[in-house]
Protein chains: 2
Amino acid sequence: MTIRVLIVDDHEVVRQGLRFVLEQEEGIEVAGESGDGAAALHAVRGLRPDVVLLDLVMPVMDGLAVLERLRGQAERPAVIVLTSFQEEDRVVEAVRLGALSYLSKTTAVDRVVAAVRAAARGGSVLEPGIAALLLGQVRQGGRPRPLDLLTPRERQVLSALARGRSNSEIARDLRMGRETVKTHVSSILAKLGVADRTQAAIFALQQGLVPLDEALG
Amino acid sequence: MTIRVLIVDDHEVVRQGLRFVLEQEEGIEVAGESGDGAAALHAVRGLRPDVVLLDLVMPVMDGLAVLERLRGQAERPAVIVLTSFQEEDRVVEAVRLGALSYLSKTTAVDRVVAAVRAAARGGSVLEPGIAALLLGQVRQGGRPRPLDLLTPRERQVLSALARGRSNSEIARDLRMGRETVKTHVSSILAKLGVADRTQAAIFALQQGLVPLDEALG
DNA sequence: CTTTTGCTCCCCCTACGGGGGGAGGAAGAA
DNA sequence: TTCTTCCTCCCCCCGTAGGGGGAGCAAAAG
C-alpha cells in the first residue's frame, strides 16, 4: 500500500526537488503538485492523497487558509507544513489548524521522507526547536490573538500609531492628553510584546488593523 | 561541449530540484553543489564551472560577498542569481557586481534552463519585473522614486528599520557604529520627506522594500 | 454592595531618536 | 590631478519615547 503524496509549493524548483526525493523512496508515490492554495484544495478533492506537503508562503491562498478549509472535512489528508524560515506565530497557528509536522526547508531530505512516512500513520516529526516552541505555547493554553487583548481605546491609539502619527498628534486626533496617549502606548507595547512604536506599527499593519496603502496621509 | 554548472544554495531540496531539472537537459552538466558562500568559492576554484547558480540568502557568506570575491578574478564563471523573494536593493547590487541574470525561485524551470544556456554564452535572462526595476535605476525616466534617491547603504538601513530594528540593533546587524546609523537614518528621513522612523518604516513597507509578512522576525 | 475594568492624567527618570555641524578616508568621476 | 559622492564616526543639544509608579472616576461585572 503506497503512500500517495500531494506537493503544494509555489516554487517549481522546490516541487521538482521534493518529487525527485520522494520518488526515490519505496512505497511513496507523488500523486500530484499544486502551485497555490486554491489549486491545492481542488487537487485534494480530486486526488485524495494520503499526505500533503504544504508550503505556508504562497500567492493567491496561503497555507494557513488551506489548512482552515481542510479542517473539518471528512477524509482529510495528513498535512506536513514545510516552510523556508521558522515563523513562530505561524507554526503555532498551523499546528492548531491540524498540521502534523512542521519542517524547515533547510532540513535534510531524509527527514522529509521520515515525516511523510510518520504522517501516513498519523504520527509527527518535529524539529527540536519547533517542538520546544510548541510546548511553551501549549502550556499557556491556546493563544488569544494579541489584538483582542487591546481595549477599544487602545486599538484606536494603535491605529493612529500605525498611520505614523506622533503621541502629540494622536492626543489631538483622539482628544486626550499627551500623557494619556503615552499610557495607552505603553500598555499596547506590553500587550503586543513589542519593543517600540515602530514594531507596534508594523504589527498593526500585518494584522490588517490599518490597510497598508492608507497608512501614510 | 557541455555547460558545467555549480549549484549554490543552503537548502538541500532546492539543490536537488535544480540538479534534477538541469540534468534532464542536453548539454548541461551539474559539476557540483555548495551549501554556503565559502564552500562555493572553493568549489569555483576547484571545479572551474562555466555557470554558477547562486542563492543570495545564505549563512556563513552570502551571495553578494561571493560575487564580490569573484569579481576581478581572471577566469570567473557566469553567475546567475537565484533568490526566493525580490529584494530590490540586492538586485541592483548583484547586477552591479556582475551577475548576468537574476531570477526568482518562483519562475518556471524552463526559464532557469534558458538562463543557464544564455549565461554560458554571456547573455542575460531577466524577469519582466526585475528588468523594469533595473531600467528605472539605469535611466531615470519618469519621476525619480524617492527610494532611488537613497544610497545602497541607506537602503540597507531603511530595510532593517522597516523590520522594526532599533539603531543599536541595526549597528550590530550591519557592522557599523550607532552614530553612523543615526547619520543614515537622518538622511533617509530627509530624502523621503517623513518625520520619524515609524513613518519611514511604513513608507518602506508600502514600497515593498520589505515584504509585510517578513517585517517582524 | 464591592471589585474590576477602562479611561483619564500626573510625576520622575532614563535612554533613544533626531537636528546640526564637523571631519576623515576611499572610490569614482571630471 | 581635483572634485564629488559615499561611508564612517565624532560632538553637542534637546525633544520624544518609554518604564514605573500613583491616582481619580465612571461604568460594568461580580
Side-chain angles (χ1 to χ4, degrees), chain A residues 144 146-204 216, chain B residues 64-65 67-69 71-72 89-90 92-93 95-98 137-140 144 146-204:
Chain A
L147 273 191
D148 300 335
L149 290 176
L150 301 184
T151 68
R153 204 56 167 161
E154 286 166 352
R155 265 192 293 272
Q156 287 181 356
V157 172
L158 177 58
S159 178
L161 204 159
R163 290 182 158 86
R165 314 283 288 168
S166 71
N167 286 343
S168 301
E169 289 170 331
I170 296 174
R172 279 196 297 277
D173 292 349
L174 301 183
R175 258 122 260 188
M176 55 183 167
R178 204 178 79 110
E179 293 302 317
T180 308
V181 177
K182 291 179 62 177
T183 303
H184 288 312
V185 170
S186 284
S187 66
I188 290 171
L189 298 184
K191 287 180 179 176
L192 299 187
V194 297
D196 52 49
R197 62 163 53 237
T198 303
Q199 291 188 359
I202 294 170
F203 182 86
L216 289 183
Chain B
L64 289 183
L67 274 168
E68 201 157 4
R69 296 291 197 302
R71 186 180 56 163
D89 53 340
R90 298 208 170 187
V92 180
E93 195 69 9
V95 172
R96 203 178 62 79
L97 287 172
Q137 283 282 337
V138 172
R139 132 181 131 235
Q140 308 269 0
L147 274 189
D148 299 335
L149 291 175
L150 301 183
T151 68
R153 203 58 164 161
E154 286 165 353
R155 267 190 293 272
Q156 287 181 359
V157 171
L158 177 58
S159 178
L161 204 159
R163 291 184 156 85
R165 312 285 287 169
S166 70
N167 287 341
S168 301
E169 288 171 332
I170 296 174
R172 281 197 294 278
D173 292 349
L174 301 183
R175 255 123 247 208
M176 53 185 173
R178 202 179 81 109
E179 294 301 319
T180 307
V181 178
K182 289 178 64 176
T183 303
H184 287 311
V185 170
S186 284
S187 65
I188 290 171
L189 298 184
K191 288 180 180 177
L192 299 186
V194 296
D196 52 48
R197 61 165 52 236
T198 303
Q199 291 188 357
I202 294 171
F203 181 85

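Below, all heavy atoms of this structure are taken into account, side chains as well, without hydrogens, waters or symmetry copies. Here is how names work: the chains are called A, B, and so on, in the same order as the sequence lines, proteins then strands, and each is numbered from 1.
Considering only residues two or more places apart in sequence or on other chains, A:D196 meets the side chain to side chain donor-acceptor pair (under 3.5 Å) condition with none of them. Applying the side chain to side chain donor-acceptor pair (under 3.5 Å) criterion to A:R155, with sequence neighbours excluded, gives no partner residue. A:S187 meets the side chain to side chain donor-acceptor pair (under 3.5 Å) test with A:E154; sequence neighbours excluded.
Contact footprint of chain B on DNA chain D: nucleotides with an atom under 4.0 Å from a non-hydrogen protein atom, first to last in 5' to 3' order, D:dC6 to D:dC11.
Taking only side-chain atoms of A:P152, from C-beta outward, the nucleotide of C:dC7, C:dG18, C:dG17 with the closest atom is C:dC7.
Counting only heavy atoms from C-beta outward, the side chains of A:L161 and A:N167 never approach each other to under 4.5 Å. Residues B:V157 and B:M176 have side chains in contact (heavy-atom distance under 4.5 Å, counting atoms from C-beta outward).
Looking at A:K191, its side chain never comes within 3.5 Å of a backbone N or O of A:L150 through a donor-acceptor pair.
Within 4.0 Å (heavy atoms only), A:T183 reaches at least one base atom of the nucleic acid.
In this model, the phosphate group of C:dC16 is not approached by any side-chain N or O of B:N167 to a distance below 4.0 Å at OP1 or OP2. Between A:R153 and C:dG6 there is no side-chain polar atom (N or O) within less than 4.0 angstrom of OP1 or OP2.
Remark: C1' of C:dC16 and CD of A:Q199 are 14 Å apart, rounded to the nearest angstrom. For the pair A:E154 CD and C:dT5 C1', the computed distance is 11 Å after rounding to whole Å.
Considering every non-hydrogen atom in both B:A201 and B:A162, the closest pair reads CB-CA, 3.9 Å. Taking each heavy atom of A:G164 and B:T198 in turn, the nearest pair found is CA-CG2, 4.4 Å.
Between the CZ atom in B:R175 and the OG1 atom in B:T180 there is a gap of 14.5 Å [rounded to 0.5 Å].
Ranked by how close their nearest DNA chain D nucleotide is to the 5' end, A:R197 and B:H184 are led by B:H184.
Proximity of residues 169-182 of chain A to DNA chain C (heavy atom under 4.0 angstrom from any strand atom) is restricted to A:M176, A:G177, A:E179, A:T180.
With no hydrogens or angles considered, no side-chain donor-acceptor pair links A:S168 and A:R172 at under 3.5 Å.
End-to-end axis angle of the helix from C:dC1-D:dG30 to C:dA30-D:dT1, from C1' rotation axes over five pairs per end: 40° (rounded to 10 degrees).
Among A:Q156, A:R165, A:R163, the one residue that satisfies the side chain to side chain donor-acceptor pair (under 3.5 Å) test with A:D173 is A:R165.
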